[in-house]
**Student:** 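Have a look at this one before I ask anything.
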There are 2 protein chains.
Amino acid sequence: MATQEERKRATRRKIMDAAGDLFAHRGIEATTTEALLSAAGVSRGAMYHHFDSREDLVAAVYEEEAAAAIARAAAREPGGLSARERLLAGCLAWLDEVSRPGVARILIEDGPAALGWRRCRRIEEQYSLGRLTAALRWAVDTGEIRVASVELTARLMNAVLAEAALIVIAVNDQAEVRADVEATLRALLSGLASPSKT
Amino acid sequence: MATQEERKRATRRKIMDAAGDLFAHRGIEATTTEALLSAAGVSRGAMYHHFDSREDLVAAVYEEEAAAAIARAAAREPGGLSARERLLAGCLAWLDEVSRPGVARILIEDGPAALGWRRCRRIEEQYSLGRLTAALRWAVDTGEIRVASVELTARLMNAVLAEAALIVIAVNDQAEVRADVEATLRALLSGLASPSKT
DNA sequence: CGGTATTACCGACAAGCAGTCTGTAAAGTG
DNA sequence: CACTTTACAGACTGCTTGTCGGTAATACCG
């Protein structure tokens with residue numbers, strides 16, 4: 001047979017994959033461990049050997065999804081813009097990634113409900129919120145925008161993007177809303193512009 | 001004994017009061033129906049006679065809390081300002097009301113997690129979100145601000161206020177953060193100002 | 001290579017929980 | 001005063017998460 005390391009990774013992967021799939025399609029809350037175990041083809045004992053609790057498994061899936069989304073968004077960001085344009089582009093790229101129903105369900109709808117917003121934020125800090133904070137700080141450092149607090153502004157913008165994603169996925173004509181969101185984000189951001197450099 | 005109507009209202013009140021108290025202090029998720037029943041001094045049968053499910057009870061408490069918060073906020077709004085200043089003042093008044101730990105826990109932290117954001121939004125539409133939309137529309141009608149979509153902007157601002165409340169209650173020096181939030185809101189709103197009337 | 005330790009996994013079981021269901025008693029109705 | 005309707009009571013059920021003693025496979029060691 002395989003080494004312990006390989007067995008471990010394979011089993012963990014089976015659990016995470018089945019969980020990611022069920023969470024995205026049926027919702028996190030609605031997915032019982034029982035359903036998950038039979039979907040993954042894994043025993044209850046195996047699951048609790050890999051994860052201390054159901055919540056820890058949810059957190060692991062959440063984190064993986066967050067990392068994947070930010071990676072995809074980062075891969076499409078254009079270069080050679082002003083810091084402010086880059087900030088906006090980054091926000092929109094993330095919004096588009098997270099506007100897919102399965103992703104939104106895990107990262108925005110069910111995730112925070114299942115894990116609590118504190119735990120989600122701790123995870124997000126390393127991903128979307130972290131990138132957003134960095135982009136914002138960069139724009140502040142170049143003098144293009146001025147804010148009372150970078151951390152505060154980043155969290156407020158993050159909240160806006162999450163809400164925007166919920167709106168986009170809930171609506172029929174996504175393109176129209178998407179355009180309105182972009183216009184609104186642009187307007188709001190213009191309010192942060194430094195007086196000298198509008 | 002009393003009339004049926006009186007008995008009914010009294011029992012319902014006992015349940016709602018106990019629920020509101022436990023939800024605010026221990027959290028919604030952490031409050032079992034068992035604990036609730038003994039705190040309210042009411043039988044399981046009585047509770048399920050008044051509410052179809054635990055979730056319905058949560059929704060009732062949520063709605064009552066939302067109505068109370070918006071009423072308190074509305075009572076302190078100053079008059080005689082421009083529509084834009086009034087919009088900002090309304091936002092801050094609501095933020096202050098909702099920045100009390102018990103209120104925030106029910107309306108922002110645990111409520112949406114327990115009820116799902118869709119159901120919460122449906123309730124909020126009649127309260128905070130409704131007022132915010134109206135204030136925003138008024139500012140648009142007077143020509144002081146311009147937005148791509150009133151509904152969209154209202155929901156994004158609502159999300160900002162909710163996140164701001166979470167930040168305020170989580171921090172030690174609330175006054176400082178509160179001031180930063182006000183400054184940031186003012187800046188963001190200035191981005192919505194009509195070009196003609198800055 | 002034989003024995004022991006460690007690790008991955010198994011699955012029956014326990015305990016807590018929301019919700020149900022059969023009663024009962026009090027108030028309303030004609 | 002019969003009868004209905006309504007408010008409430010509480011034992012019970014089924015589902016769900018997490019546990020725990022046990023097993024089998026790999027890793028380590030002399």
Side-chain angles (χ1 to χ4, degrees), chain A residues 1-23 25-62 106 110-116 119, chain B residues 1-23 25-62 106 110-116 119:
Chain A
M1 256 215 184
T3 71
Q4 298 253 61
E5 185 70 19
E6 286 168 337
R7 279 174 67 194
K8 183 166 191 166
R9 282 154 80 101
T11 304
R12 194 184 163 91
R13 198 90 292 283
K14 278 201 288 183
I15 297 171
M16 297 272 291
D17 286 346
D21 197 58
L22 288 173
F23 290 171
H25 290 89
R26 297 188 197 170
I28 294 177
E29 175 76 33
T31 299
T32 66
T33 54
E34 205 92 30
L36 205 149
L37 296 174
S38 77
V42 152
S43 76
R44 180 161 290 269
M47 180 191 137
Y48 279 97
H49 179 71
H50 285 275
F51 302 95
D52 283 350
S53 66
R54 191 191 112 108
E55 192 182 303
D56 279 6
L57 167 58
V58 174
V61 172
Y62 183 94
I106 293 176
D110 292 9
L115 299 173
R119 188 165 185 180
Chain B
M1 254 215 187
T3 70
Q4 300 249 62
E5 185 71 19
E6 288 168 335
R7 280 173 65 194
K8 184 166 190 165
R9 282 153 78 103
T11 303
R12 195 184 162 90
R13 198 90 297 281
K14 279 201 287 184
I15 297 171
M16 296 272 291
D17 286 346
D21 197 58
L22 288 173
F23 289 172
H25 291 90
R26 297 189 199 170
I28 294 177
E29 174 77 32
T31 299
T32 67
T33 54
E34 205 93 29
L36 205 149
L37 296 174
S38 76
V42 151
S43 75
R44 180 163 292 269
M47 178 189 138
Y48 279 98
H49 179 69
H50 285 275
F51 302 94
D52 283 350
S53 65
R54 190 190 113 106
E55 191 183 304
D56 279 5
L57 167 59
V58 173
V61 172
Y62 182 93
I106 292 175
D110 292 10
L115 299 172
R119 189 166 185 180

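Everything numeric in this text was worked out from a predicted model, so none of it was measured. Hydrogens, waters and symmetry mates are skipped; everything else that's a heavy atom, side chains included, is used. Order of the sequence lines fixes the chain letters, A, B, ..., with proteins taken first and strands second; residue numbering starts at 1 for each chain.
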**Student:** Could you state the interatomic distance from CZ (B/R12) to CG (B/L57), rounded to the nearest 0.5 Å?
**Tutor:**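 It comes to 8.5 Å.
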**Student:** What's the separation between atom CD in B/Q4 and atom CD in B/E6, rounded to the nearest 0.5 Å?
**Tutor:**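 Going from CD on B/Q4 over to CD on B/E6, the span is 10.5 Å.
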**Student:** Is there a side-chain contact between B/T33 and the phosphate of C/dA18, meaning an N or O under 4.0 Å from OP1 or OP2?
**Tutor:**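 Indeed, a polar side-chain atom of B/T33 lies that close.
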**Student:** Enumerate the protein-to-nucleotides 9-12 of chain D contacts in which both atoms are nitrogen or oxygen and the separation is below 3.5 Å.
**Tutor:**
residue, atom, partner, partner atom, Å
D/dA9, OP2, B/S43, N, 3.2
D/dA9, OP2, B/S43, OG, 2.8
D/dA9, O5', B/S43, OG, 3.4
D/dG10, N7, B/G45, N, 3.4

**Student:** Should A/T11 be listed as having a side-chain N or O under 4.0 Å from OP1 or OP2 of C/dA8?
**Tutor:**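 For C/dA8, neither OP1 nor OP2 has a side-chain N or O of A/T11 closer than 4.0 Å.
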**Student:** What donor-acceptor contacts under 3.5 angstrom involve side-chain atoms of residues 27-35 of chain A, with partners at least two apart or in another chain?
**Tutor:**
residue, atom, partner, partner atom, Å
A/T31, OG1, A/G27, O, 2.7
A/T32, OG1, A/A35, N, 3.1
A/T33, OG1, A/R44, NH2, 2.8

**Student:** Atom NZ of A/K8 and atom P of D/dA27: how far apart are they, to the nearest Å?
**Tutor:**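 Computing the A/K8:NZ to D/dA27:P distance gives 13 Å.
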**Student:** Within the structure, does a side-chain N or O atom of B/R54 lie under 4.0 Å from either OP1 or OP2 of C/dA18?
**Tutor:**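 Yes, within the criterion.
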**Student:** Looking only at the side chain of B/S53 (C-beta and beyond, no hydrogens), which of the listed nucleotides D/dT16, C/dG19, D/dA7 gets closest?
**Tutor:**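 The closest nucleotide is C/dG19.
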**Student:** Rounding to an integer number of Å, can you tell me how far A/L37 CG sits from D/dT17 P?
**Tutor:**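 Nearest whole value for this atom pair: 9 Å.
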**Student:** Would you indicate, yes or no, if C/dC9 has its OP1 or OP2 atom less than 4.0 angstrom from a side-chain nitrogen or oxygen of A/H49?
**Tutor:**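 Answer is no, no contact under 4.0 Å.
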**Student:** List, with names and distances, any nitrogen or oxygen atoms from the protein found under 3.5 Å away from nitrogen or oxygen atoms belonging to nucleotides 28-30 of chain C.
**Tutor:**
residue, atom, partner, partner atom, Å
C/dG28, OP1, B/Q4, N, 3.4

**Student:** In Å, rounded to the nearest 0.5 Å, how long is the span from CZ of A/F23 to CE of A/M16?
**Tutor:**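 Between atom CZ of A/F23 and atom CE of A/M16 there are 9.5 Å.
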**Student:** How long is the line joining CG of A/L36 and C1' of D/dT17, in whole Å?
**Tutor:**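 Going from CG in A/L36 over to C1' in D/dT17 covers 12 Å.
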**Student:** Please give, in whole Å, the distance from C/dG23 C1' to B/Y48 OH?
**Tutor:**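 So the OH-C1' distance, B/Y48 to C/dG23, works out to 19 Å.
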**Student:** Taking CD from B/E6 and C1' from D/dT6, how many angstroms apart are they, rounded to a whole number?
**Tutor:**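 Atom CD in B/E6 sits about 15 Å away from atom C1' in D/dT6.
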**Student:** Over all heavy atoms of both residues, which pair between B/A18 and B/L36 is shortest? Give the atoms and the distance, please.
**Tutor:**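 Here B/A18 and B/L36 meet closest at CB-O, 4.3 Å.
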**Student:** So A/D110 and A/R26, salt bridge (charged side-chain N to carboxylate O under 4.0 Å, His left out) or not? Walk me through it.
**Tutor:** CA-CA 10 Å; A/D110 292 9; A/R26 297 188 197 170; over 6 Å; no
**Student:** Heavy atoms only: give me the nearest A/D56-A/R119 pair and the separation to one decimal.
**Tutor:**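 Looks like OD1-NH2, 3.0 Å.
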**Student:** Tell me: CD of A/E34 to P of C/dG11, nearest whole Å?
**Tutor:**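 In whole Å, C/dG11 P and A/E34 CD are 12 Å from each other.
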**Student:** Over all heavy atoms of both residues, which pair between A/A46 and A/T11 is shortest? Give the atoms and the distance, please.
**Tutor:**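 Reported closest heavy-atom pair: CB-CG2, 4.4 Å.
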**Student:** Tell me whether the count of non-hydrogen atoms from other residues, nucleotides or ligands lying under 6.0 Å of CZ in B/R13 goes above 12.
**Tutor:**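 Yes, enclosed.
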**Student:** CD1 of A/I28 versus P of D/dT16: gap in Å, rounded?
**Tutor:**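 That distance rounds to 17 Å.
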**Student:** Roughly how many Å is it from CG in A/D52 to P in D/dG18, rounded to a whole number?
**Tutor:**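 Distance check: A/D52 CG to D/dG18 P gives 10 Å.
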